[in-house]
Amino acid sequence: MLDAATLAALMQGDHGDPFAVLGLHPLGADPATDGWVLRVLLPGAAGITALKRDGGTPIAELQRIPDSDVFEATLPASAERLVYVLDVDWGTHRHVMEDAYRFGSLLGDTDLWLLAEGTHHRPYEQLGAHPTEIGGVAGTRFAVWAPSARRVSIVGAFNNWDGRRHMMRLRRECGVWEIFVPHAGPGDLYKIELKGADGHLHVKSDPVGFRAEMRPQTASMIHGLPPKVPSNPARREANSMKAPISVYEVHLGSWRSNERGEWLTYREIADQLVPYALDMGFTHLELLPVHEHPFDGSWGYQPTGLYAPTSRFGSPEDFRYFVAKAHEAGIGVILDWVPGHFPTDAHGLGKFDGSHLYEHADPREGFHQDWQTLIYNYGRTEVRNFLVGNALYWLERFGVDGLRVDAVASMLYRDYSRKDGEWIPNRWGGRENLEAIDFMRRMNHIVGTQREEAMTVAEESTAFPGVSRPPSPDLQAGGLGFHFKWNMGWMNDTLRYMQQDPVHRKYHHGQMTFGLVYAFSENFMLPLSHDEVVHGKGSILARMPGDEWQRFANLRAYYGFMWGHPGKKLLFMGCEFGQGTEWNANTALPWHMLDYPMHQGVQRWVRDLNRVYRHHGALHQRDVSPDGFQWLSHDDAENSVLSFVRWGDDGTHVVVVCNFTPVVRENYRIGVPQAGSYRELINSDAQVYGGSGVQNPVRQTEATALHGCAQSLSLTIPPLATVMFVVEAPAA
């Protein structure tokens, strides 16, 4: 017989070890003589009869313990290996059901060890909700990490959202609670109900839920773990340092809408966006975060469901379809990934088990003042494992090509956006977040060893050294291990320059050349991202000075300089056709602008830049190597003209000349590295792009030394233009 305290704990949903009392248990020290007791907690039941599962023969009628919803029956010694089901009288109907408490433990010793140690590369294979079959019974096995909780339950429609029905077993070795729930299956909604260490009841979404309800609802949905996408050697080559990488950054909710003004689905986006990106010549798509998130206005950067593709656009299978369609077209997919912080929503990770489990307890470490969000405790091995596992999850289970890690600077520094006294130094007294540094090194190492074709990209805005350099073999020193780093300095300097009236640009010439001082200190990607067309900044086109013709000419010249400059490329959606207004995430891009020739010209210019960039190895093969770049003239500030050479692996080269004034430069001489005939490869002033049509015929070099070269060319440089030249016929 249960004592009063145990009975009360069960009825109040406050029992920390329900498997010790529910289900089938020996009555005494010797079950052979004392027999067994079958005990069931089933709120709402009027009566329960135990039946043999094979054949349905009645075994015993369970009796209600007075003033409770606990039923029990004593059984003979032969019941030790009894496989039973429960015939439940609900008052209005009867229902035969399995008992979750007749099933044994689920996690194996190896998984327990790795989860406890924080070295389980794929924790999602054990944590979360996994539809499965045990002993011929279909159901779902659940596991959740909540080491400080007093009690954890799975709640859903399958148990009337009653946390007493499926209280879980604690595996103390690793702080994970587990249970197999018969009859719960794909499509069922569920939440995790916890009696926290703080004594309060918390109802949470599953941190490792593979699918989530559409906001504002917050339940997780049982959904099978997506199968692995096989590694693809072609993607490894396409994502390499020497590959042409031109990225089209997209916010799925506002790229396009349907005829009713609603979001497109993943499948509709795949069928429209992929052909468009292919036609435009982009090599990769980068998606603003697709993790599940409660607030549309965060654009996905405040996720509550790191393992769930947002349900706004469809199912996980629909998202896999999108990635597969992109790969069929030879286009890579990069996801913006947010391991830097998470929102304070009650159903999220904050105080998950009544303690500061995922975040730091001290707000000087655990609260992000700028975004009013919580910061992961990277020093906790289980938290680090949760995040690293998530990186592999997207790469392996959806086949995405890479992850662009958001807000790396906020992770690297403990005093990021904090005043004196608002942050805690590291153990050496410094400002660097040593635990975050360790996390990033480990994440990049595991991604690099487990998914070799994948790339990682850091959005990092400081001069922290070695962001895209490999760490030491023991991961205790060296770089952070990212493949690429966004060149935020280049973006800020060059945009400031382009906003200047051309008459003043000669005083700011260094803003266009300074980037080459450090261009090869990291593996850079040149970003004109969503951050540059929001929050009152206006569009890129709107920041160009002059009348309409000059603004478009400036934009084309700037893009030409960007595509000629060392570094991989990234352009946010709408910029490719010169969107005139600031990006609005609540509405589709203004595609009607393409009814106007000047916008058509910008779009065609970007398309042709991508074509030239991909076709000519000199423009991409040595993007991250100093031997791929050679200045011709960087000091003609008076005329605001720049000229340089890009070199390919085979010794071929492309000459790039930029004129950032509206003045045509006649008989402008530049040195060139090779004698012969040079022709225009691409010219932003061509009339087909909306330019004035100032172009050069094929030009023959002359033996006039200039810019460190024995040969030179006399050119006509168009106004506000970038022109690229290649050798048509080398001198004999």
Side-chain angles (χ1 to χ4, degrees), residues 1-2 6-7 9-11 13 15 17-66 68-107 130-143 153-160 162-170 177-185 188:
M1 180 66 68
L2 294 179
T6 300
L7 188 61
L10 288 172
M11 287 304 300
H15 198 292
D17 191 11
F19 278 84
V21 291
L22 298 178
L24 190 63
H25 295 276
L27 267 176
D30 185 6
T33 57
D34 298 329
W36 298 79
V37 60
L38 176 59
R39 195 174 291 121
V40 176
L41 170 59
L42 203 54
I48 303 175
T49 301
L51 311 176
K52 286 187 177 180
R53 188 169 188 275
D54 184 12
T57 305
I59 300 169
E61 184 175 346
L62 282 69
Q63 302 300 311
R64 183 191 299 270
I65 297 177
S68 78
D69 289 310
V70 178
F71 297 76
E72 64 179 10
T74 57
L75 302 176
S78 59
E80 179 176 4
R81 293 181 176 83
L82 180 66
V83 178
Y84 64 91
V85 293
L86 304 174
D87 182 7
V88 182
D89 178 4
W90 294 104
T92 58
H93 67 284
R94 301 188 72 89
H95 176 62
V96 176
M97 58 185 290
E98 298 282 350
D99 181 11
Y101 293 94
R102 80 169 180 83
F103 295 90
S105 58
L106 304 172
L107 292 171
H130 296 263
T132 189
E133 185 176 295
I134 298 178
V137 178
T140 299
R141 61 175 176 87
F142 295 89
S153 299
I154 297 298
V155 295
F158 45 79
N159 59 21
N160 294 322
D162 190 329
R164 298 170 296 176
R165 288 274 299 273
H166 291 113
M167 294 183 285
M168 305 174 81
R169 173 193 290 111
L170 174 61
W177 299 73
E178 64 176 9
I179 194 170
F180 173 70
V181 179
H183 313 300
D188 288 345

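For the numbers below, each heavy atom of this structure counts, side chains included, while hydrogens, waters and symmetry mates do not.
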| How many angstroms lie between atom OH of Tyr84 and atom CD1 of Ile59, to the nearest 0.5 angstrom? | 9.0 Å

| task | Find the distance between NE2 (His15) and OG1 (Thr6) and round it off to the nearest 0.5 Å. | result | 5.0 Å

| Presence of salt bridge, Arg64 and Asp69, under 4.0 angstrom | yes

| Do you know which two heavy atoms are closest between Ala184 and Thr140, and how far apart they sit? | O-OG1, 2.7 Å

| query | Between Phe180 and Phe103, what is the ring plane arrangement, given parallel below 30°, perpendicular above 60°, and tilted in between? | reply | perpendicular

| task | List for me each residue that meets side chain to side chain contact (heavy atoms under 4.5 Å, CB included) alongside His25, sequence neighbours excluded, and say none if there are none. | result | Val37

| task | Evaluate the side-chain proximity of Arg164 to Val70: yes if any heavy-atom separation is below 4.5 Å, no if none is. | result | no

| remark: Smallest heavy-atom separation, Ala60 atom then Ala73 atom, equals CB-CB, 4.0 Å

| field | Heavy-atom closest pair, residues Pro66 and Leu7 | value | O-CD2, 4.5 Å

| request: Please confirm whether the backbone N or O of Val137 pairs with a side-chain atom of Glu98, one donor and one acceptor, at under 3.5 Å? | output: no

| Arg165 vs Ser153 side-chain heavy atoms within contact, under 4.5 Å | no

| task | Using modelled atom types only, decide if a donor and an acceptor are shared between the side chain of Thr57 and the backbone of Lys52 within a distance under 3.5 Å. | result | no

| For the student: nearest non-hydrogen atoms of Leu51 and Pro58, plus distance | CD2-CA, 3.7 Å

| note | Rounded to the nearest 0.5 Å, the NE2 atom of His95 sits from the CD1 atom of Ile48 at a distance of 12.0 Å

| Hey, does the side chain of Arg53 reach the backbone of Val83 with a donor-acceptor pair shorter than 3.5 angstrom? | no

| task | First locate atom CG of Leu42, then atom CG of Asp99, and finally report the distance between them rounded to the nearest 0.5 Å. | result | 8.5 Å

| Inter-residue atom distance Phe71.CZ - Gln63.CD, 0.5 Å rounding | 9.0 Å

| field | Side chain to side chain, Leu2 and Leu10, heavy atoms closer than 4.5 Å | value | yes

| Heavy-atom closest contact (His166 atom, Ala100 atom, distance) | CD2-CB, 3.7 Å

| Is the backbone N or O of Ile154 less than 3.5 Å from a side-chain atom of Asn159, with the two atoms forming a donor-acceptor pair by type? | yes

| task | Would you check if Met97 and Pro182 make a side-chain contact, meaning some heavy-atom pair closer than 4.5 Å? | result | no

| query | Are His130 and Leu106 side-chain neighbours, meaning at least one heavy-atom pair lies under 4.5 Å? | reply | no

| said: Here's a test for you: under side-chain contact (heavy atoms from CB on, under 4.5 Å), which of Leu41, Leu62, Ile65 qualifies with Glu72? | reply: Ile65

| task | Starting at OH of Tyr101, measure out to CG of Leu22 and round the result to the nearest 0.5 Å. | result | 5.5 Å

